[in-house]
Amino acid sequence: MRLNRTLDGLADRKVEVSAKITRSVQAILADVRQNGDEAVRRYAAEFDGFTGNALLVTEAEIKEALGQVSEDYLRIMGRACEQIAEFHANQIEKSWSVYKDDGVQMGQIVRPLRRVALYVPGGTAAYPSSVLMNAIPATLAGVQDIAIFTPVKADGKVPDTILAAAACCGVYTIYKIGGAQAVAAAAYGTESIPKADKIVGPGNAYVATAKRMVYGDVDIDMVAGPSEILIIADEGANPKYIAADLMSQAEHDVLSSAILVTTSEPLIGAVEAELARQIKGLNRKEIIEESLARYGAAILVEDMDAAFSLSNDLAPEHLEILTVNPLATLPKVQNAGSIFLGEHTPEALGDYMSGTNHVLPTGGTAKFYSPLGVQDFVKWSAYSYYPRPALDALKDDVIAFANLEGLDAHANSVAVRFEEEEGK
C-alpha cells in the first residue's frame with residue numbers, strides 16, 4: 001500500500017456543509033424552539049424509529065445495564081475514570097483576590113456552569129470513552145447538572161456500555177434523543193428538558209451544524225471535523241508501530257487523515273510494507289484503505305526542523321513524535337491538539353487510558369483551540385472594591401479619559417460623587 005507524497009488532498013476535507021443540511025437543521029431548530037417536546041418526539045420517530053413517550057432513561061434501566069456489563073468492563077471504566085480525573089484535577093482553577101495598601105480590593109471569582117448537555121453519538125457504534133472525556137472534567141469543575149443526550153432506535157434502548165460509563169461518572173440524567181433535535185432541546189429547552197448553558201460532545205454533520213447555529217444562545221465546546229494524526233519519525237523509528245498508529249486513526253472515517261513526516265526515505269517504504277501486512281486482519285479494512293488513499297501521506301523532509309515546521313503549519317489533532325529523544329523536541333511543538341512522545345505512547349492510549357482528553361481541535365484549529373478540559377466548564381467574574389480615597393486619587397484621570405471618548409455621562413458618574421467637596 002503506497003502513501004501519497006503530497007498533502008493536496010487535505011484541502012478537500014474542509015468541505016462546506018451542504019445547503020440541504022443547513023436548511024434541514026434550520027427547520028428543526030425552529031420547530032423544536034416553537035413546539036418543544038412534540039417536535040422532539042416527532043423527529044425521534046422520523047429519524048430513529050423511536051416512538052416511545054418517555055424521553056428520560058429510568059433508574060431501573062440504568063440498574064439493569066450495570067447488571068448486564070461484565071465486572072471486567074466496570075474495572076476498566078473505573079481505571080480510566082481514575083486516570084482521566086488525575087490528569088484533569090490539575091486544571092481546576094481557583095478564585096483569587098488582591099488587597100492593596102490603599103484599601104482597594106479586587107479579584108476573580110470562578111464559578112462552574114449551571115447545566116451542561118453532553119451529546120453522545122448513537123447509531124452503529126457506542127463510544128463510552130466519550131462519556132468519560134466529557135463528563136469527568138465537567139464534574140471536576142463543579143457542574144451540578146449534567147445531562148446526556150443520545151439517540152435510540154425503535155427499541156428505545158441506550159447501550160448498556162453507555163449507561164454504565166455514565167453511572168461511573170455519576171451522571172444519571174440521560175435523554176433518549178439525538179441529532180439536531182437534541183441540540184435544539186438542550187439549547188432552547190422544552191416542557192420536559194431544561195435549557196443548558198453549554199453543549200459538548202461529538203456528532204455527525206447535522207449535530208455539528210446545529211451546534212454551530214445555536215452558539216450564542218448557548219455555549220459549545222467546538223465544531224470538530226474528521227479525525228487526524230501526524231507522526232514525526234526519524235530513521236530509527238519502528239515502521240511496525242508507525243503503520244499501526246496511522247491505521248488506528250484511518251479506521252475512524254474515510255475522511256480521516258493519517259500523515260507520516262520523516263527524514264528517512266527507507267522508513268517510508270518499510271511503513272508501506274507494514275501497512276499492507278497489518279491491514280489484512282483488521283475489521284475496518286475498507287474504511288482504512290479509502291482513508292489512506294484519499295488523505296494519507298508520507299512526506300520526506302530534509303531535517304527535523306522542517307518536520308516540525310510542517311507539523312506546526314498543519315496543527316494536527318494528534319501528534320506522535322517517534323525520535324531518539326522525543327522529550328527534547330517538545331519545545332519545537334507550537335500547534336497540536338494532543339502530543340504523544342515516544343514509541344510506547346501510542347495515540348490509542350490517549351483515547352482511553354492515559355488521562356489526557358481525547359476531545360481535540362481538528363482541521364488546523366489547534367492553532368487557536370485547545371483540548372476539552374475543566375476550564376471549559378467554568379466561568380469567572382471580576383470584582384473590585386474602591387474606598388472613597390482610592391477613587392479620589394484616580395477621579396481626575398477617569399473623568400478626563402471619559403471626556404476624551406465623548407462619554408460625558410461616564411465622566412459625570414464619577415464627578416457627582418465629589419460634588420459636595422467641590423461646592424456644587
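Atom set for the values below is all heavy atoms of this structure, side chains included, hydrogens, waters and symmetry mates excluded. Computed from a predicted structure; not experimentally measured.
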Whether the side chain of N35 engages the backbone of E38 through a donor-acceptor N/O pair (distance < 3.5 Å, no angle test) should be reported.
no

Salt bridge or not between R294 and E290? Use side-chain N to carboxylate O under 4.0 Å.
yes

Test item: E235 side-chain N/O and T263 main-chain N/O as donor-acceptor pair under 3.5 Å
no

Interatomic spacing from OG in S227 to CG in D253 - rounded to 0.5 Å
9.0 Å

More than 12 heavy atoms of other groups within 6.0 Å of Y369 OH
no

Between T58 and E61, is there a donor-acceptor pair closer than 3.5 Å when you use the side chain of the first and the backbone of the second?
yes

Taking the side chain as everything from C-beta on, heavy atoms only, tell me whether H318 gets closer than 4.5 Å to L230.
no

Heavy atoms only: give me the nearest Y43-A27 pair and the separation to one decimal.
OH-O, 4.1 Å

Which distance, rounded to the nearest 0.5 Å, do you find between the CG of L394 and the CG of D102?
8.0 Å

Report the C-alpha separation of E71 and R75 in whole Å, then their side-chain angles, then the decisive distance to 0.1 Å, and conclude whether the salt bridge (charged side-chain N to carboxylate O under 4.0 Å, His left out) test is met.
CA-CA 6 Å; E71 289 187 9; R75 178 190 64 79; over 6 Å; no

Main-chain N/O of A366 paired with S370 side-chain donor or acceptor, under 3.5 Å
no

Treating K367 as the side-chain partner and D313 as the backbone partner, does any N or O pair qualify as donor plus acceptor under 3.5 Å?
yes

Check ion pair D197-K379 (N to O, under 4.0 angstrom):
no

Between the side chains of T190 and D37, does any donor sit under 3.5 Å from an acceptor?
yes

So, Q83 and S354: side-chain donor and acceptor under 3.5 Å apart, yes or no?
no

Between E347 and Q249, do the side chains contain an N or O donor and an N or O acceptor separated by less than 3.5 Å?
yes

Separation between CD1 of I148 and CD1 of I177, rounded to the nearest 0.5 Å:
13.0 Å

Between D245 (side chain only) and I242 (backbone N and O only), is there a donor and an acceptor less than 3.5 Å apart?
no

Distance, nearest 0.5 Å, that separates CG of D160 from CG of L66
8.5 Å

Mark yes or no for whether S264, through its side chain, and D234, through its backbone, hold a donor-acceptor pair below 3.5 Å.
no

Is it the case that Y383 and S97 place a side-chain donor and acceptor less than 3.5 Å from each other?
yes

Is it true that atom CD of Q108 has more than 12 heavy atoms of other residues, nucleotides or ligands lying nearer than 6.0 Å?
yes

Heavy-atom closest pair, residues L292 and M247
CD1-CG, 4.3 Å

Less than 4.5 Å apart, any side-chain heavy atom of I339 and any of L330?
yes

With a 4.0 Å cut-off on N to O distance, would you call D31 and R42 a salt bridge?
yes

Do you know the tightest heavy-atom contact between G364 and E228?
N-OE2, 4.1 Å

Within a reach of under 6.0 Å around NZ of K195, are more than 12 heavy atoms found that belong to other residues, nucleotides or ligands?
yes

So, does K198 use its side chain to make a donor-acceptor pair with the main chain of D376 at under 3.5 Å?
yes

For A243 and V271, work out which heavy atoms get closest and say how close.
CB-O, 3.9 Å

Just wondering, more than 12 heavy atoms not from D303 lying within 6.0 Å of its CG?
yes

For the NZ atom of K280 and the CG atom of L275, what is their distance to the nearest 0.5 Å?
12.0 Å

Please give me the minimum heavy-atom distance between T365 and T362, naming the atom from each residue.
OG1-O, 2.6 Å

More than 12 heavy atoms from other groups under 6.0 Å of OH on Y352
no

Looking at OG1 of T161 and CD of Q68, how far apart are the two atoms once the value is rounded to the nearest 0.5 Å?
12.0 Å

Does the side chain of S24 reach to within under 4.5 Å of the side chain of Y206, using non-hydrogen atoms?
yes

Taking the side chain as every heavy atom from C-beta outward, state whether I268 and T262 have any pair of such atoms under 4.5 Å apart.
yes

Please confirm whether the backbone N or O of E86 pairs with a side-chain atom of N90, one donor and one acceptor, at under 3.5 Å?
yes

SB check R277 E274 (cutoff 4.0 Å):
yes

Heavy-atom check, side chain of K332 versus side chain of D305, under 4.5 Å:
yes

Between Y172 and I62, is any pair of side-chain heavy atoms under 4.5 Å apart?
yes

Identify the two heavy atoms, one from Q181 and one from D48, that lie closest to each other, and give their separation to 0.1 Å.
NE2-OD2, 4.1 Å

Please confirm whether the ring centroid of Y119 lies under 6.0 Å from the ring centroid of F149.
no

More than 12 heavy atoms of other residues, nucleotides or ligands under 6.0 Å from NZ of K63: yes or no?
no

Does CD belonging to E59 count more than 12 external heavy atoms closer than 6.0 Å?
no

Over 12 non-hydrogen atoms of neighbours within 6.0 angstrom of CH2 in W96
yes

Is a side-chain donor or acceptor of Q144 paired with a backbone partner of G142 at a separation under 3.5 angstrom?
yes

